[in-house]
Amino acid sequence: MRIATWNVNSIRARVDRVADWLVREDVDVLAMQEIKCKENQFPFEQFTAAGYDVELHGLSQWNGVAFASRLPMSEVTKDFENMPGFGVASDDGTLPLEARALGVTVNDVRLWSLYVPNGRELAHAHYDYKLRWLDALSADTRAWIAANPQQPLALMGDWNVAPLDTDVWDIQAFEGSTHVSAPERAAFDDFMDAGLTDVVRPRIPTGYTYWDYKQLRFPRNEGMRIDFILGSQPFADAVTNAGIDRNERKGDAPSDHVPVWVDLDVETEEDDDRPMFW
DNA sequence: ATGTCGACGAATCGTCGA
């Protein structure tokens, strides 16, 4: 089973490119981020034509997360426990929740599509929101693993954190910036403490997943590694291959992020339908 | 170079977010 994550930066602007990639790369399940639309605006037809069902969480033109899968999805969950909100408080003092987290179960593998808040600037309220959002997610993850130690789990998405200095093209250029600060990295490391590991880096030790559209960042290979698949031990044990598809940053109308994928050695329902020979 | 995108509402541009 091949599973991937991709910040598509508007699914309406890129649906043909995404659907082509799914078919070409034989992907079973794709977690998308920044779909930038509501459900009634989502281009379902191209996914259906390619053989994929879609689950999505989209509230506005901002953010938005989704799954496309050609295997059945169940236990669809929007948001996670104690997820913080952001924006203008309502009369009861609560902040609106954004569409940044969607969970599904496929073949008994629990998967989350996550779009971690950007943080904007270290002094911005969005940065505090980012840290609280990650803290609540790692707490929820820790509790889930404790309750489901045998079940494969993967948290996939745009983490907006570069865990290592080598995950940005010039760490000195990021002095005082978000994505590389000690609190963000500590919040990211908490997921390892909770029992997850980066299942891609052991196989793909170097390389970026994002290049800004501005300032010729891609031609100069001035990128950032901020998209990750973090798996629980049962998930990590099933991984047989991984990749970062840098080619998807090339050509006409690319997203500023590229897909990150893993192959899992798990029995799929497709496999159950194969003819048997004896 | 503040060097690009994509969303929106409004209008063929300004503004926001990344």
Side-chain angles (χ1 to χ4, degrees), chain A residues 5-21 31-44 46 56-66 84-89 95-102 113-134 156-163 167-170 173-181 184 187-188 208-228 245-260:
Chain A
T5 182
W6 195 358
N7 180 323
V8 297
N9 185 22
S10 171
I11 192 58
R12 288 176 290 175
R14 237 166 303 288
V15 60
D16 292 334
R17 190 167 176 146
V18 171
D20 286 351
W21 183 81
M32 290 174 272
Q33 301 86 38
E34 282 206 89
I35 62 170
K36 288 186 170 176
C37 68
K38 305 176 194 180
E39 182 159 6
N40 65 2
Q41 301 171 307
F42 192 94
F44 290 101
Q46 288 91 332
L56 74 102
H57 183 19
L59 298 173
S60 70
Q61 72 268 42
W62 305 121
N63 315 309
V65 283
F86 186 80
V88 180
L95 297 175
L97 300 182
E98 299 183 310
R100 295 180 176 274
L102 182 68
S113 179
L114 303 167
Y115 180 45
V116 176
N118 174 284
R120 300 183 187 170
E121 296 168 12
L122 296 183
H124 200 286
H126 209 261
Y127 177 77
D128 179 62
Y129 167 50
K130 177 181 195 172
L131 295 178
R132 288 185 291 106
W133 198 93
L134 285 168
M156 312 190 286
D158 176 358
W159 292 78
N160 271 317
V161 177
D167 291 334
V168 297
W169 76 90
D170 177 6
F174 282 77
E175 180 72 31
S177 299
T178 61
H179 294 60
V180 300
S181 73
E184 288 166 281
F188 187 84
Y208 304 131
T209 65
Y210 161 86
W211 298 260
D212 200 315
Y213 290 121
K214 292 182 282 192
Q215 297 176 285
L216 298 173
R217 291 298 187 211
F218 185 61
R220 295 174 175 171
N221 196 29
E222 295 175 345
M224 304 171 70
R225 186 169 180 138
I226 54 177
D227 299 270
F228 299 102
D245 196 348
R246 190 177 187 282
N247 282 333
E248 282 305 310
R249 187 61 177 78
K250 302 176 182 177
D252 290 336
S255 171
D256 43 3
H257 295 251
V258 295
V260 179

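As a basis for the values below, the full set of heavy atoms in this structure was taken, side chains included, without hydrogen atoms, waters or symmetry mates. First the proteins, then the strands, lettered A, B, ... as listed; each starts at 1.
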K.L.:
Taking only heavy atoms on the protein side, list every residue of residues 58-65 of chain A lying under 4.0 Å from any atom of DNA chain B, sorted numerically.
P.N.:
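Under 4.0 Å from DNA chain B: A:Gln61, A:Trp62.
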K.L.:
With heavy atoms under 4.0 Å as the rule, sort A:Glu121 into base, sugar-phosphate or nothing.
P.N.:
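Nothing, no heavy atom under 4.0 Å.
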K.L.:
With nearest nucleotides of DNA chain B determined for A:Asn9 and A:Arg120 from heavy-atom distances, which residue corresponds to the more 5′ nucleotide?
P.N.:
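Closer to the 5' end of DNA chain B: A:Asn9.
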K.L.:
Who passes side chain to side chain contact (heavy atoms under 4.5 Å, CB included) against A:Asp252, sequence neighbours left out?
P.N.:
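Testing A:Asp252 for side chain to side chain contact (heavy atoms under 4.5 Å, CB included), a comparison that skips the adjacent residues, returns none.
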K.L.:
Could I get the full list of side chain to side chain contact (heavy atoms under 4.5 Å, CB included) partners for A:Asn221, not counting sequence neighbours?
P.N.:
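If we apply the side chain to side chain contact (heavy atoms under 4.5 Å, CB included) test to A:Asn221, skipping adjacent residues, the hits are A:Tyr208, A:Trp211, A:Arg246.
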K.L.:
Taking the side chain from A:Ser113 and the backbone from A:Leu102, do they hold a donor-acceptor pair closer than 3.5 Å?
P.N.:
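Judged by distance alone, no pair lies under 3.5 Å.
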K.L.:
Could you identify which residues of residues 11-19 of chain A place a heavy atom less than 4.0 Å from some atom of DNA chain B, listed by residue number, or say none?
P.N.:
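The stretch gives A:Arg12, A:Arg14 as the residues lying under 4.0 Å from the strand, ordered by number.
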K.L.:
Please report the distance separating the P of B:dA1 from the corresponding atom of B:dT15, rounded so that it comes out in whole Å.
P.N.:
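Those two atoms are separated by 25 Å.
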K.L.:
Name the residue closer to the 5' end of DNA chain B, choosing between A:His257 and A:Ser10 according to the nucleotide with the nearest heavy atom.
P.N.:
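With A:His257 and A:Ser10 compared, the 5'-side residue is A:Ser10.
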K.L.:
Tell me, which of residues 247-256 of chain A have any heavy atom that sits under 4.0 Å from an atom in DNA chain B?
P.N.:
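Hits under 4.0 Å, by residue number: none.
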K.L.:
Suppose the criterion is salt bridge (Lys or Arg N to Asp or Glu O under 4.0 Å): which pairs have a residue in residues 6-20 of chain A, not counting sequence neighbours?
P.N.:
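Every salt bridge (Lys or Arg N to Asp or Glu O under 4.0 Å) pair that includes a residue of residues 6-20 of chain A, provided the two are not neighbours, is A:Arg17-A:Glu248.
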K.L.:
With sequence neighbours excluded, what pairs up with A:Glu222 under the side chain to side chain contact (heavy atoms under 4.5 Å, CB included) test?
P.N.:
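In terms of side chain to side chain contact (heavy atoms under 4.5 Å, CB included), with neighbours along the sequence ignored, A:Glu222 is linked to A:Trp169, A:Arg217, A:Arg220.
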K.L.:
Can a donor-acceptor pair be found, under 3.5 Å and without considering hydrogens, that links the side chain of A:Thr178 to the backbone of A:Gly119?
P.N.:
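No, the answer is negative, given that no donor and acceptor are paired below the 3.5 Å cut-off.
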K.L.:
With A:His124, which residues qualify under ring-ring contact (aromatic ring centres under 6.0 Å, His included), at least two apart?
P.N.:
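Expected list: none.
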K.L.:
Take atom C1' in B:dA10 and the same atom in B:dC16, then report the distance between them in whole Å.
P.N.:
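Comparing C1' positions in B:dA10 and B:dC16 gives a spacing of 15 Å.
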K.L.:
Please enumerate all residues that pass side chain to side chain contact (heavy atoms under 4.5 Å, CB included) together with A:Asp256, with sequence neighbours excluded.
P.N.:
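Side chain to side chain contact (heavy atoms under 4.5 Å, CB included) check on A:Asp256 returns A:Asn9, A:Tyr210, A:Tyr213, A:Arg249.
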K.L.:
Under a criterion of less than 4.0 angstrom to any heavy atom of chain A, what are the 5'-terminal and 3'-terminal contacting nucleotides of DNA chain B?
P.N.:
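Nucleotide range in contact with chain A: B:dG3 to B:dA18.
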K.L.:
Under 4.0 angstrom, heavy atoms only, what part of the nucleic acid is A:Tyr210 near: base, sugar-phosphate, or nothing?
P.N.:
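No contact at all - A:Tyr210 keeps every heavy atom at 4.0 Å or more from the nucleic acid.
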K.L.:
Identify, with sequence neighbours excluded, every residue that meets side-chain hydrogen bond (donor to acceptor under 3.5 Å, both in side chains) alongside A:Ser181.
P.N.:
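Scan of A:Ser181 (side-chain hydrogen bond (donor to acceptor under 3.5 Å, both in side chains), adjacent residues dropped) gives A:Tyr127, A:Glu184.
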K.L.:
Determine the interatomic distance between P on B:dG3 and the same-named atom on B:dG14; round to the nearest Å.
P.N.:
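About 15 Å, rounded to a whole number of Å.
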K.L.:
Please list all pairs passing the salt bridge (Lys or Arg N to Asp or Glu O under 4.0 Å) test where one or both residues lie in residues 114-128 of chain A, with sequence neighbours left out.
P.N.:
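Every pair satisfying salt bridge (Lys or Arg N to Asp or Glu O under 4.0 Å) with a residue in residues 114-128 of chain A: A:Asp128-A:Arg132.
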K.L.:
Would you check if the side chain of A:Trp159 reaches a backbone N or O of A:Phe228 as a donor-acceptor pair within less than 3.5 Å?
P.N.:
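The answer is yes, because a donor-acceptor pair under 3.5 Å joins these two groups.
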K.L.:
Just checking A:Phe174 against A:His179, ring centres under 6.0 Å apart?
P.N.:
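No - the distance between ring centres of A:Phe174 and A:His179 does not fall below the 6.0 Å cut-off.
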K.L.:
Taking side chain as C-beta onward, heavy atoms only, is A:Val116 less than 4.5 Å from A:Asp158?
P.N.:
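No, every pair of side-chain atoms sits at 4.5 Å or beyond.
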